2 protein chains.
Amino acid sequence: MTATAAQSSPRKRAGNGAAPRDIADDIGLDALVGHAGYAVRRFQIWIFQDFIRTLGDVDIRPTQYSVLTVIGANPGLSQMAVAKRLGIERARLVHLLDSLEQRKLVKRVKSKADRRSHALHLTTQGETALAKFKRLAAEHERHVEEKIGKENRAQLLRILAGFT
Amino acid sequence: MTATAAQSSPRKRAGNGAAPRDIADDIGLDALVGHAGYAVRRFQIWIFQDFIRTLGDVDIRPTQYSVLTVIGANPGLSQMAVAKRLGIERARLVHLLDSLEQRKLVKRVKSKADRRSHALHLTTQGETALAKFKRLAAEHERHVEEKIGKENRAQLLRILAGFT
DNA sequence: GAAAGATTGTTGTTGACGACAACAATTGTC
DNA sequence: GACAATTGTTGTCGTCAACAACAATCTTTC
């Protein structure tokens, strides 16, 4: 849905039942413009779609990528720690890890120190795979740069740095 | 969440074997930082939660608000036009409108020009309600300003203007 | 003017995702 | 040792995007 991003032509329309034909592609959002949440939502949908498409060959979704990245950077973390850090529920992480473990990318090692928890590690296969994922993710980031501009992307990261 | 500050307690943690320990609350995201998608996702979650909370009394969610706003600004639109403009599936819009129509905020008028489509209008009750929603939404926007700063919010809107 | 094709609203299914609740096993605390 | 808290797990519920299929209705084409 690459919106044509046409500039708003001042089209004021009184919508009665008479043939709203021409405006189908040029609806004024009016009040919606100026809402940060709406812009962010649309942008986030675009970004995720591009990420999913760019990492489509390896079948890795954004959440899976974030889990792999955190585990790769901090081997031995418990599920609780990973969930808390990424802001996802531990109940949800269970399924994510089930999938990743089934694909032999991650292994759950029973922790000796705390026999309730699992220490999470990448498999050797998982490490080489993650390296490839990171290359594809970098390609995705280049798409973002092409979309909004290099400086704007940097600005964005700076503004939202507090949320990571 | 909102662990902006280092609330680190000098707690000891059971790391096993390999490297890291005592990192439960201070996990390095490393590669995740620098990914626009991750920051945007976290920010979008925060924004929606604040929106839902701020408009909690009137029980209006972001998507519902966007639908009402578009219909209010462009009365007589068809469901297809609204769906396309907001980037939501027409199948999904059906349920959204069912809910809004049940609450007497929106009415589907059978279009005479095209008997397949419905012309969407706000009810008088819907218009007064939307006015209140807009006031609350403005309050929500102020929360965003407090969170990221007034200039940063303006920057954000400017950067993401192409997605609205 | 009738057949073929496209569009609109609708219903349904699937899967990812967040929020909660309950549970067994284990740990920590008193 | 009794009791509370934590960890992983299972389950349910609701939101949301992506499809597929369908009837009714337009549009196109011969």
Side-chain angles (χ1 to χ4, degrees), chain A residues 1 19-21 24-25 41-42 44-53 55-56 59-67 76-101 106-120, chain B residues 1 11-14 16 24-25 37-38 41-42 44-49 51-53 56 59-67 76-99 101 106 108-120:
Chain A
M1 294 306 143
R21 159 159 307 208
D25 295 327
R41 169 179 166 262
R42 297 297 297 259
Q44 197 245 336
I45 289 174
W46 183 90
I47 263 197
F48 267 48
Q49 283 177 346
D50 184 87
F51 188 99
I52 293 171
R53 192 175 346 113
L55 300 217
D59 191 30
I60 287 291
R61 315 194 88 249
T63 311
Q64 295 174 315
Y65 179 76
S66 69
V67 171
L77 284 185
S78 70
Q79 299 185 193
M80 193 60 202
V82 171
K84 196 183 300 181
R85 189 60 189 87
L86 289 177
I88 61 186
E89 302 235 347
R90 63 190 203 276
R92 165 123 190 80
L93 187 60
V94 171
H95 300 295
L96 285 169
L97 288 175
D98 285 348
S99 167
L100 294 175
E101 199 171 27
V106 169
K107 55 186 169 186
R108 290 188 245 224
V109 181
K110 277 188 286 190
S111 170
K112 289 189 174 182
D114 187 340
R115 277 152 54 205
R116 295 170 300 181
S117 66
H118 294 156
L120 301 176
Chain B
M1 280 164 256
R11 190 149 59 88
K12 197 162 60 136
R13 173 172 165 57
N16 66 349
D25 293 329
Y38 184 73
R41 168 179 166 262
R42 298 296 297 258
Q44 197 247 336
I45 290 174
W46 182 91
I47 265 198
F48 267 47
Q49 282 176 345
F51 188 99
I52 293 171
R53 192 175 346 112
D59 191 30
I60 287 290
R61 317 194 82 248
T63 310
Q64 294 174 316
Y65 179 76
S66 69
V67 170
L77 284 186
S78 70
Q79 301 186 192
M80 194 60 201
V82 172
K84 196 184 299 182
R85 190 59 189 87
L86 289 177
I88 61 186
E89 301 234 347
R90 62 191 204 275
R92 166 127 187 76
L93 187 59
V94 171
H95 301 295
L96 285 168
L97 288 176
D98 285 348
S99 166
E101 200 171 26
V106 168
R108 290 189 246 223
V109 181
K110 277 189 284 189
S111 169
K112 290 188 175 181
D114 187 339
R115 278 151 55 204
R116 295 171 299 181
S117 65
H118 294 157
L120 300 176

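When reading the values below, keep in mind they use all heavy atoms of this one structure, side chains included, and skip hydrogens, waters and symmetry mates. Numbered from 1 within each chain, the chains take letters A, B, ... in sequence-line order. The model shown is predicted, which means the values in this text are computed figures rather than measured ones.
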Can you tell me the distance, in whole Å, between the [atom1] atom of [X] and the [atom2] atom of [N]?
X      : N      : atom1 : atom2 : result
B:I52  : D:dT15 : CD1   : C1'   : 9 Å
B:H95  : C:dG12 : NE2   : P     : 9 Å
A:I45  : D:dC16 : CD1   : P     : 11 Å
B:F48  : C:dA19 : CZ    : C1'   : 17 Å
B:L96  : D:dT15 : CG    : C1'   : 10 Å
A:K112 : C:dT26 : NZ    : C1'   : 17 Å
A:H118 : D:dT7  : NE2   : C1'   : 9 Å
B:Q49  : D:dT15 : CD    : C1'   : 13 Å

Would you indicate, yes or no, if [N] has its OP1 or OP2 atom less than 4.0 angstrom from a side-chain nitrogen or oxygen of [X]?
X      : N      : answer
B:R41  : C:dA16 : no
B:Q79  : C:dT7  : no
B:T63  : D:dT15 : no
B:R115 : D:dA24 : no
A:S117 : C:dT26 : no

Can you confirm whether [X] sits close enough to [Y] that some side-chain heavy atom of one is under 4.5 Å from a side-chain heavy atom of the other?
X      : Y      : result
A:V94  : A:R90  : no
B:L97  : B:V82  : no
B:Q64  : B:S99  : yes
B:V109 : B:H118 : no

To the side chain of [X], which of [options] is closest?
X      : options                : result
B:R92  : D:dT15, C:dG9, D:dT25  : D:dT15
B:M80  : D:dG8, C:dT8, D:dC26   : C:dT8
A:D114 : C:dG9, C:dT26, D:dT9   : C:dT26
A:R61  : D:dC16, D:dA17, C:dC17 : C:dC17

Sugar-phosphate, base or nothing in reach of B:E89, heavy atoms under 4.0 Å: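 Answer is base: heavy atoms of B:E89 come under 4.0 Å of a base.
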Sugar-phosphate only, base, or nothing, as touched by A:R90 at under 4.0 Å among non-hydrogen atoms: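 Base contact - A:R90 has a heavy atom under 4.0 Å of at least one base atom.
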Side-chain (B:R116) to main-chain (B:S111) donor-acceptor, under 3.5 angstrom: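 Not confirmed, B:R116 side chain does not pair with B:S111 backbone.
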Exam field: side chain B:R42 to backbone A:L86, donor-acceptor pair closer than 3.5 Å: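 A pair under 3.5 Å: yes.
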Nearest-nucleotide 5' precedence on DNA chain C, A:A91 against A:R116: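 On the 5' side of the pair lies A:A91.
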Distance, nearest 0.5 Å, that separates CD1 of A:I88 from CG of A:L93: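 If we round to the nearest 0.5 Å, A:I88:CD1 and A:L93:CG are 4.5 Å apart.
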Rounded to 10 degrees, the angle between the two terminal axes of the helix from C:dG1-D:dC30 to C:dC30-D:dG1, each from five pairs: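 Rounded value for the end-axis angle: 20°.
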Heavy-atom closest pair, residues B:R41 and A:F48: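 The pair with the smallest heavy-atom distance is CD-CZ, 3.5 Å.
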